Amino acid sequence: TRLLFTSLRTQRPSPVTLHSLVQTITLPSKSLVNTVEFSFPHADTRQRASLSVICEYTLADNGLFTIHLKDHRIAIKASSPDDHPDDAQQPDIDVAVVVDQLRAALPYEFFDPSGICDITYLEPDFRISRYVSKKVAGTRNVFKRLA
């Protein structure tokens, strides 16, 4: 599902451009993965990358989800030779700087969705969720299923 709206806002400007934010829930394995595709400035070009935030969840009898963060994975896409025609190799990328820029561009709960979440509205292609844990209590997210 694609994130259409979140009530939690970022606090700093960022040079990162977000291309897509997707949440994938897999029922048999009880996994939840937030994935963002983005680009950032690097060596006079825009470098593309993705971040996956891997979680697992449990579903309580009252319908609340408890989400547990497991891992973060970042993938920097290989540049085409046309991006750096004078360089045999692309310059090194400081991943810590990229992650800091990405943190400024994304709501906090995207990086660490750990906590308790309530699905307040659900249709086959549309979902509204609300965090009820202290960290980001009251945050609402609206998702639409990808076609």
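Since the structure is predicted, the reported quantities are computational estimates derived from the model, not experimental observations. All values below come from the heavy atoms of this structure, side chains included, with hydrogens, waters and symmetry mates left out.
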Please lay out, stage by stage, how His19 and Ser39 fare under the test side chain to side chain donor-acceptor pair (under 3.5 Å).
-> CA-CA 8 Å; His19 299 287; Ser39 60; 3.0 Å; yes
Residue pair Asp112, Ser114: steps toward the side chain to side chain donor-acceptor pair (under 3.5 Å) verdict = CA-CA 5 Å; Asp112 185 2; Ser114 297; 2.8 Å; yes
Start with the C-alpha distance between Lys30 and Glu56, add both sets of side-chain angles, then the distance that settles salt bridge (Lys or Arg N to Asp or Glu O under 4.0 Å), and finish with yes or no.
-> CA-CA 6 Å; Lys30 294 190 176 182; Glu56 65 181 23; over 6 Å; no
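The OG1 atom of Thr120 lies 5.0 Å from the CD1 atom of Ile128; values are rounded to the nearest 0.5 Å. Rounding to the nearest 0.5 angstrom, the gap separating the CZ atom in Arg103 from the CG atom in Leu51 is 9.0 Å. Atom CZ of residue Arg73 and atom OG of residue Ser52 lie 8.0 Å apart, to the nearest 0.5 angstrom. Atom CG of Asn141 and atom CD1 of Ile119 lie 9.5 Å apart (nearest 0.5 Å). Rounded to the nearest 0.5 Å, atoms CD1 (Ile116) and OG1 (Thr58) are 9.0 Å apart. With values rounded to the nearest 0.5 angstrom, Leu21 atom CG is found 9.0 Å from Thr35 atom OG1.
The minimum heavy-atom distance between Pro113 and Val53, with the atom names listed, is CD-CG1, 3.9 Å. What you find for Leu106 and Leu18 is that their closest heavy atoms are CD2-CD1, 3.7 Å.
Side-chain atoms of His72 come within 3.5 Å of backbone atoms of Phe111 as a donor-acceptor pair (strictly under, hydrogens ignored). A side-chain donor-acceptor contact under 3.5 Å links Ser7 to the backbone of Arg140. Side-chain N or O atoms of Arg48 include none that pairs as donor or acceptor with a backbone N or O of Glu37 at under 3.5 Å. No side-chain donor-acceptor contact under 3.5 Å links Gln47 to the backbone of Ile76.
Under the 4.5 Å side-chain criterion, counting only non-hydrogen atoms from C-beta, Leu3 is not in contact with Val22. Side-chain contact between Ser14 and Gln101 is present, with heavy atoms from C-beta onward closer than 4.5 Å. Looking only at side-chain heavy atoms (C-beta outward), Arg2 and Ser20 come within less than 4.5 Å of each other. In this structure the side chain of Pro28 reaches within 4.5 angstrom of the side chain of Thr26, judged on heavy atoms. Proximity of Leu32 to Gln23: side-chain heavy atoms (C-beta onward) are separated by under 4.5 Å at one or more points. No side-chain heavy atom of Leu122 sits less than 4.5 Å from a side-chain heavy atom of Phe143. The shortest side-chain heavy-atom distance between Leu102 and Phe38 falls under the 4.5 Å cut-off.
Figure legend: Arg46 and Phe40 shown without cation-pi pairing, the cationic atom not lying both under 6.0 angstrom from the six-membered ring centre and within 45 degrees of its axis.
Leu27 and Val33 sit in two unconnected hydrophobic clusters of ILVMFWY residues. Membership requires side-chain heavy atoms under 4.5 Å apart, directly or through other members. By the criterion of side-chain heavy atoms lying less than 4.5 angstrom apart, applied directly or through intervening Ile, Leu, Val, Met, Phe, Trp or Tyr residues, Ile93 is grouped together with Val99 in one hydrophobic cluster. There is a path of hydrophobic side-chain contacts, each under 4.5 Å, that joins Val16 to Val95. Neither Ile74 nor Val97 shares a network with the other; the hydrophobic side chains, linked directly or stepwise wherever heavy atoms of I, L, V, M, F, W or Y lie under 4.5 Å apart, form separate groups for each. There is a path of hydrophobic side-chain contacts, each under 4.5 Å, that joins Phe110 to Leu69.
Atom CG of Asp94 sits in a crowded spot, with more than 12 heavy atoms from other residues, nucleotides or ligands closer than 6.0 Å.
Between Phe126 and Tyr121, the ring planes are perpendicular. Angles over 60° get that label, and only those under 30° would be called parallel.
Between Lys144 and Glu123 no salt bridge is recorded (no basic side-chain N to carboxylate O distance below 4.0 Å).
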